[in-house]
Amino acid sequence: MPTMLLLPATAASHSPGSPSRGSGCGPLEQLTCLLLRRGLEQSGVARRGQAGTMGTFVFPCLFVVLLTGGFPGGCAGDNGSASHSTASTTEKPVPLNNITDAETFISGAEVAVIGFFQEPESPEASRFRLAAGRIPEVPFGLSTSAAVLSHYGVAANTVRLFRRVDNDQRDLDVNSKDVDADKITHFIRMNELRMVTEYNPVTAIGVMQSSLQFNLLLITDKMSPKHPERMHRYRAAAELFKGKILFILVDSNLKSNERLVSFFKLKKSQLPALAIFYTPDEEQDVLTLDEVSVERVQDFCNRFLQRIQKKEDKPEEKALNEEL
């Protein structure tokens with residue numbers, strides 16, 4: 001059974017000096033986990049959710065160890081997603097003057113980013129525009145409307161990322177001069193989870209912070225001539241489980257992903273393969289494939305979901321029988 005690591009749902013809830021919980025990782029892994037936590041604390045990322053709720057994320061320690069190389073030096077130019085739309089030629093950021101404009105803007109993309117400011121020409125808004133120019137495939141909007149800010153419950157000088165895959169939102173306070181265009185860019189790359197997200201050291205953090213507890217990995221060779229068709233089918237399957245399972249692409253050609261492949265006891269000769277796991281209790285399953293199809297992915301996911309549901313129903317049945 002793989003070693004698991006408990007990570008707090010919000011970085012601010014962790015005390016850097018406190019010991020990690022439930023971890024059988026070695027000293028190197030413990031240091032890596034601690035550095036990752038501190039990195040999240042320093043990123044200024046806030047997750048919007050139910051007030052007073054403090055959840056816990058459980059993630060394989062190996063996935064954290066994969067981050068030991070740190071963030072890529074030029075991550076501002078890295079593509080963190082497996083499915084990017086064609087770069088838009090419209091004005092960036094798009095001015096959002098009312099609530100209807102903002103709602104339409106958000107609903108039109110898998111990932112959308114809005115900068116909420118008091119003044120459109122403020123230094124904070126200028127840094128936001130600079131970041132927007134670096135990520136052409138992500139739609140950026142800007143609003144100074146008091147009605148729009150009030151509708152979304154945000155303070156001025158806040159960048160919010162909206163994503164469809166888990167119906168989640170992430171906030172970045174850009175009031176500080178330290179939050180420059182580079183940090184805004186990194187914040188977006190880290191959190192731009194899509195219907196299918198490609199695994200890399202930057203998106204790994206966003207994956208760990210997602211509220212979705214089921215993760216499905218397609219481990220495959222991106223250089224294969226069959227890759228475009230595989231991805232088309234994988235994305236189609238992802239739409240069927242939107243809001244339930246986070247679909248992830250793992251490129252088996254990358255040396256940095258070798259340990260991830262071995263984690264699921266797979267060899268390159270067995271790929272492509274699907275690997276699914278349920279983060280709260282380490283449950284996992286693997287399916288090797290001759291070819292990727294919507295039906296096979298759907299069946300694999302449904303069987304796993306049913307298995308977890310039956311497992312969780314048993315304690316309730318037992319408690320009910322004891323009461324009777």
Is the backbone N or O of Asn191 less than 3.5 Å from a side-chain atom of Arg163, with the two atoms forming a donor-acceptor pair by type? yes

Would Arg194 and Glu239 count as a salt bridge (Lys or Arg N to Asp or Glu O under 4.0 Å) here? Give the steps. CA-CA 11 Å; Arg194 297 170 181 262; Glu239 291 285 349; over 6 Å; no

In terms of relative ring orientation, are Phe162 and Tyr152 parallel, tilted or perpendicular, with 30° and 60° separating the classes? perpendicular

Within a 6.0 Å radius of atom NE2 on His151, are there more than 12 heavy atoms belonging to other residues, nucleotides or ligands? yes

Tell me whether Lys226 is salt-bridged to Glu229, with the criterion being a basic N under 4.0 Å from an acidic carboxylate O. no

Nearest 0.5 Å please: distance from the CG atom of Asp251 over to the CG atom of Leu254. 4.0 Å

Salt bridge present between Lys311 and Glu283 (N-O < 4.0 angstrom): yes

So, are Glu137 and Arg189 salt-bridged, with charged N and O less than 4.0 Å apart? yes

In this structure, are over 12 heavy atoms from other groups packed under 6.0 Å from Asp299 atom CG? yes

Asp221/Lys268 salt bridge by N-O under 4.0 Å criterion: no

Rounded at 0.5 Å granularity, tell me how far CG in Leu212 sits from OG1 in Thr279. 9.0 Å

Between Asp166 and Ser210, do the side chains contain an N or O donor and an N or O acceptor separated by less than 3.5 Å? yes

Quick check: do Leu142 and Thr144 have side-chain heavy atoms less than 4.5 Å from each other? yes

Going by heavy atoms in the side chains, are Leu249 and Lys222 under 4.5 Å from each other? yes

Testing the basics here: between Ile219 and Ala275, what is the closest heavy-atom pair and its distance to 0.1 Å? CD1-CB, 4.5 Å

Under a 4.5 Å cut-off applied to non-hydrogen side-chain atoms, are Thr158 and Asn175 in contact? no

Using a distance-only test with no angle check, is there a side-chain donor-acceptor pair under 3.5 angstrom linking Gln309 and Asp313? yes

Do the side-chain N and O atoms of Asp101 and Thr104 include a donor-acceptor pair separated by under 3.5 angstrom? no

Contact between Thr220 and His227 at the side-chain level, heavy atoms closer than 4.5 Å - yes or no? yes

Report, one line per pair, each donor and acceptor closer than 3.5 Å where one atom sits in a side chain of residues 285-297; sequence neighbours left out.
unit_1 : atom_1 : unit_2 : atom_2 : d
Glu291 : OE2    : Arg230 : NE     : 2.8
Ser293 : OG     : Arg296 : N      : 3.1

Over 12 non-hydrogen atoms of neighbours within 6.0 angstrom of CD in Glu119: no

Run the ring-centre check on Phe214 versus Phe277 and record whether the distance is less than 6.0 Å. no

Does Phe241 reach the side chain of Asn302, with side-chain heavy atoms less than 4.5 Å apart? yes

